[in-house]
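I have placed the structure first, in the form of structure tokens, so that the comments after it can refer back to it.
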Amino acid sequence: MKSEPDVFGIDDLARKKVEGWNGVRNYQARNFMRAMKKGDRAFFYHSNANPSGVAGVMEIAREAYPDPTQFDPKNDYYEPKSTPDRALWDQVDVRFIEKLPRFVALDELRRMPALKGMALFTRSRLSVQPVAADEWNAIVKAARR
DNA sequence: GCCAACGTTGGC
DNA sequence: GCCAACGTTGGC
């Protein structure tokens with residue numbers, strides 16, 4: 001799950017413990033969130049950063065429910081087509097688990113053979129995307145080196 | 001700030 | 001349903 005650290009980064013989540021992952025306005029990303037189960041783990045990826053890369057681990061604390069920002073006309077993520085009984089966009093709540101012992105930067109991820117087919121590269125613009133078990137393990141291992 | 005990739009919108 | 005125009009994401 002990607003976020004720009006200037007806006008909301010791993011340290012912000014560490015401080016807040018649990019946060020609603022709002023502002024997702026892409027159907028594929030939304031559908032991936034809808035498929036998440038409580039207790040599932042996710043990487044916190046810093047995008048548009050210096051450098052970008054995987055910063056930490058979190059878990060799904062609450063399964064998909066309507067993203068409240070879509071109902072607020074003053075919010076950047078306002079969605080005029082949504083009504084409380086027919087909401088277009090969902091969010092999940094995520095809980096902080098850990099900051100990785102070593103940040104794994106994008107250029108390093110790119111060089112890892114296990115990540116060759118990863119959605120991060122094949123569907124680079126998706127802000128919520130699946131991680132295969134072997135991809136997960138390879139990244140966790142790299143973070144502990 | 002630029003730009004490639006790609007998702008969305010809307011006319012037809 | 002196609003596709004051009006446009007908007008957004010995200011790396012650099």
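Note on R123(A): only backbone sugar-phosphate atoms sit closer than 4.0 angstrom, heavy atoms only; bases stay farther off.
Taking 4.0 Å as the cut-off between side-chain N and carboxylate O, E63(A) and K38(A) do not count as a salt-bridged pair. D67(A) and R30(A) are not joined by a salt bridge, as no carboxylate oxygen comes within less than 4.0 angstrom of a charged side-chain nitrogen.
In this structure, W136(A) and F43(A) have parallel ring planes: the angle between them is below the 30° cut-off, well short of the 60° mark. The aromatic rings of W89(A) and Y27(A) lie tilted to each other, with the angle between the two planes from 30° to 60°.
Contact check for L106(A) versus L120(A): side-chain heavy atoms found under the 4.5 Å cut-off.
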> Going 5' to 3' along nucleotides 4-11 of chain C, which nucleotides have protein heavy atoms under 4.0 Å from the base (write B), which only from the sugar-phosphate (write S), and which from neither (write -)?
Replying inline: ---BBBBB
